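Notes to accompany the following structure.
Every chain is numbered from 1, with letters handed out A, B, ... down the list of sequences. A quick note: this is a predicted structure, and the numbers were derived from the prediction, not measured.
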Amino acid sequence: MSTITTEELSATTLLRFATAGSVDDGKSTLVGRLLHDSKSVLTDQLEAVEHASRNRGQDAPDLALLTDGLRAEREQGITIDVAYRYFATPRRRFILADTPGHVQYTRNMVTGASTAELTVILVDARNGVVEQTRRHAAIAALLRVPHVVLAVNKMDLVDYKEPVFAAIAEEFTAYALELGVPEITAIPISALAGDNVVDPSANMDWYGGPTFLEHLETVPVAHDLSHCHARLPVQYVIRPQTTEHPDYRGYAGQIAAGSFHVGEAVTVLPSGRASRVLAIDLLGEPVDVAWTTQSVTLLLEDDIDISRGDLIVPSKDAPATTQDIEATVCHVADQALTVGHRVLLKHGTRTVKAIVKDIPSRLTLDDLSLHPHPGQLVANDIGRVKIRTAEPLPVDSYSDSRRTGSFILIDPNDGTTLTAGMVGESFASPEPVKDESDDDGWDF
Amino acid sequence: MTTTVAQAEEGTGVPYALSHLDALESEAVHIFREVAGEFERPVILFSGGKDSIVMLHLALKAFAPAAVPFSLLHVDTGHNFPEVLEYRDRAVAQHGLRLHVASVQDYIDRGVLKERPDGTRNPLQTLPLTERIQAEKFDAVFGGGRRDEEKARAKERVFSLRDEFSQWDPRRQRPELWNLYNGRHAPGEHVRVFPLSNWTELDVWQYIAREGIELPQIYFAHEREVFKRSGMWLTAGEWGGPKDTETVEKRQVRYRTVGDMSCTGAVDSEAVTLEQVITEIAASRLTERGATRADDKMSEAAMEDRKREGYF
């Protein structure tokens, strides 16, 4: 980090990415290696880890202690929750959602992937693509993470052989493409030895691609928004009512998708009232155009009734409003979700009452087969749900917009976040193949 | 691939990525506005340190040209740097804000809290803070905590529910999905909100430089009488330092964090401008807390334990 200049620092972009991997695939080692080799672990943190490792009678510093932050995690030697890590290179700044790999923590991978633009799926080169790899690929596809990296780890244990890597990469790519994962990059690495993580490997000269870090640094984070539906969920109405600003009435929010420009004809949902963008205020500065994910304040030409929870959209591109939502969901709470359950649904800035009308199917992530009418969804289950809302909502399909196509269900009694929802058709799943032995008992 | 600074192509309306500071700023503003929209009585914890100064700056931007719809709460340990208190009062006056002060000294004078043998008052802040939250019925409490500070904080949510005893239970945290923050809470409970969760120390300094935010002078190198304790340079003062065995010397130092004087150490520094501070931090091999906070070194889980009790 000492080589970064101030100018370089201010020109960087931000990449949010998430890791996934089975328990023994070496995920902690990869994260530790990445932080260590990019010089993001500072002396006092390393000393603390060395000290703690010695106290526990371990000879070498246990890099997993860098990431396992809670008492229970250290006691049990496992990661129980998503943790966020930060590091930087001269090219880019990174937010890493470090998610536990264990099967029972599918919900945590969903949490990490919901904000990620890239997901890293780790496999052990000796084992290749296993069930857990397929689950991770399915979740990445479901959450529509734009970039997926397959890190084939422990290449040192297969003598750095190209055919081993090629076979795994091919099998995974075929599977993930079928799921609808838009972009896959496979990289052969050894997290333990440091091959291709930060520095290119001398042991794999047959590999001509980027190192893991180089790929993270160069993967595009900009989106072509010209085809996106513009959406602004209204968070707050700014009305100073001061002598200086007696008539200022601005609709504040973070643009969820697309872009808005001054003069554009807009419609406010659910009321359907129309107006034009008079001005856009970008945190105190007037601008002509603003885009996702800028926090802005829109001023409209007409004085119409708009409040928190409304959605401002271009008049030529307004979504339909509906009270019947069909979605793919991941259940994230310990209490089950059942048909007839009365819940709150938060979509954008609007929270409405809702009822679970039907749970048509539950997904078996291993083979992507559908279990019909499971009756309920328990923690870590992924399934299809039909929901009736008390008020009409302007929802998009999740495949069009990760922000306005997503929602959460909340328990009205105790406020628990129950379920993560993605509106619309599910990902392109292969023909449902039902393995009878897998019928029951799968507990993600 | 060279997606650097935010820009839109004239006419086409094809937007590009935001710079990392713009992305962090936008996210923080979104968080402030969510709280303003969903809570009855939010308050910003304001210590006069750089993180809370940045929080206030972001809140001012989020609601401009209207006033910030929150009051401020300072937990006064009684061991504050005078420059910081002065800054606090100036900021409050300048922006027409309301300031609540919860005083640790009051609690000690009333015999409710007992001075610790080491003179450190940071752990004593928890009770005055949580009692004031209850008394004022604050339902959302903004803190400047960042996940890069400490590994227990790396697990902290942006919206973090605290029970009626203000306790944090890391195993019962709500998953946080997309940017759909869940602020539901029962009467008596409150939500701690961390708009700077995703910022690093360097981000904070770069943002201060970019926005031209004024800071208390103790953040820049100056001559100061200090003495060494547990490997840190502490400022001599009425709080109980130096002891007979400790010698005071004059050094050129600055502070990386500002907390209670008894446990906040200074670092040797030549940095007198923001630019120099940023260069110094980018080159540092020590974390901010590792370099300057004694209270975090008490045990492996010191932060987690204090957070469980209601510390911020």
Side-chain angles (χ1 to χ4, degrees), chain A residues 1-2 4 6 9-14 42-45 52 69-72 80-81 83-86 93 95 107 111 114-115 218 220-222 224-226 235-236 238-240 245 248 252 254 259 261 283-284 289 291 293-295 308 332 346 349 402-403 406-408 410 415-417 420, chain B residues 1 3-5 8 12-21 23-26 29-30 33-34 36-37 61-67 147-148 151-152 154-155 170-171 173-180 182 184-186 198 200 202 206 210 275 278-279 282-283 285-287 290-291 300-301 304:
Chain A
M1 272 178 73
S2 53
I4 306 176
T6 315
L9 279 170
S10 41
T12 54
T13 48
L14 189 64
L42 300 183
T43 313
D44 56 313
Q45 291 171 318
L70 302 174
R71 227 177 236 290
I80 58 170
D81 206 343
Y84 295 87
R85 322 257 158 229
Y86 304 84
R93 322 226 67 197
I95 299 178
R107 56 183 166 193
T111 303
S114 73
T115 51
T218 52
V221 292
D224 177 2
L225 299 173
S226 51
Q235 282 190 284
Y236 194 78
I238 294 176
R239 292 182 63 204
H245 301 281
Y248 187 102
Q254 187 176 27
S259 59
H261 61 84
L283 304 183
V289 59
W291 58 88
T293 51
Q294 290 179 325
S295 279
R308 175 175 170 82
V332 296
K346 183 170 185 184
T349 53
R402 289 174 87 189
R403 285 235 165 146
S406 57
F407 62 84
I408 55 172
I410 298 169
T416 305
T417 300
Chain B
M1 216 67 87
T3 47
T4 52
V5 185
T12 66
V14 179
Y16 292 108
L18 305 184
S19 77
H20 84 278
L21 282 183
L24 292 172
E25 178 187 61
S26 178
V29 164
H30 174 256
R33 289 169 170 177
E34 278 299 280
K61 286 186 94 166
F63 301 100
R147 292 185 184 129
D148 80 319
K151 54 191 174 179
K155 304 253 166 181
R171 304 200 78 158
Q173 298 196 88
R174 293 170 178 164
E176 222 153 57
L177 298 134
W178 299 284
N179 64 339
L180 297 169
N182 177 358
R184 304 286 292 187
H185 60 284
N198 286 323
T200 65
L202 204 49
Q206 282 184 266
R210 186 184 90 170
E275 187 83 357
I278 290 169
T279 307
R285 300 304 304 147
L286 288 177
T287 64
E300 202 182 330
E304 180 183 346

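Contact of A:Ile95 with chain B is made through the side chain alone, with heavy-atom distances under 4.5 Å. Neither the backbone nor the side chain of A:His261 has a heavy atom closer than 4.5 Å to any heavy atom of chain B. Contacts of A:Thr417 with chain B are made by both backbone and side-chain atoms, with heavy-atom separations under 4.5 Å. Both the backbone and the side chain of A:Tyr84 have a heavy atom closer than 4.5 Å to some heavy atom of chain B. For chain B, the nearby part of A:Ile238 is the side chain; its heavy atoms alone come within less than 4.5 Å.
A 4.5 Å side-chain heavy-atom check between B:Phe63 and A:Tyr236 finds at least one atom pair inside the cut-off.
Of the listed residues (B:Asn182, B:Val29, B:Thr200), the greatest number of heavy-atom pairs within a distance under 4.5 Å of chain A belongs to B:Asn182. Most heavy-atom pairs under 4.5 Å with chain A, from the set B:Ala186, B:Ala36, B:Pro65: that is B:Pro65. Most heavy-atom pairs under 4.5 Å with chain A: of the set B:Glu25, B:Lys61, B:Arg147, B:Arg184, this distinction falls to B:Arg147. Between chain B and the options A:Thr416, A:Thr115, A:Ile408, heavy-atom pairs under 4.5 Å are most frequent for A:Ile408. Chain B forms more heavy-atom pairs under 4.5 Å with one residue of A:Thr349, A:Ile410, A:Val332 than with any other, namely A:Ile410. For the options B:Pro175, B:Ala62, B:Ala64, heavy-atom pairs under 4.5 Å to chain A are most numerous at B:Pro175.
Taking OG of B:Ser19 as the reference point, atom CG of A:Leu14 lies at 9.0 Å (rounded to 0.5 Å). In this structure, the separation between NE2 on B:His30 and CG on B:Asn179 is 4.0 Å, given to the nearest 0.5 Å. A distance of 5.5 Å separates CG in B:Leu21 from CZ in B:Arg210, rounded to the nearest 0.5 Å.
With hydrogens and angles ignored, the 3.5 Å screen pairs no side-chain donor or acceptor of A:Gln254 with any backbone N or O of A:Gln294. Side chain of A:Ser406 to main chain of A:Arg403: a donor-acceptor pair is present (N/O by atom type, distance under 3.5 Å, no hydrogens or angles).
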Step by step, would you call B:Glu34 with A:Gln235 a side chain to side chain donor-acceptor pair (under 3.5 Å)? CA-CA 6 Å; B:Glu34 278 299 280; A:Gln235 282 190 284; 2.8 Å; yes

Show your working on side chain to side chain donor-acceptor pair (under 3.5 Å) between B:His20 and A:Thr13 and close with a plain yes or no. CA-CA 5 Å; B:His20 84 278; A:Thr13 48; over 6 Å; no

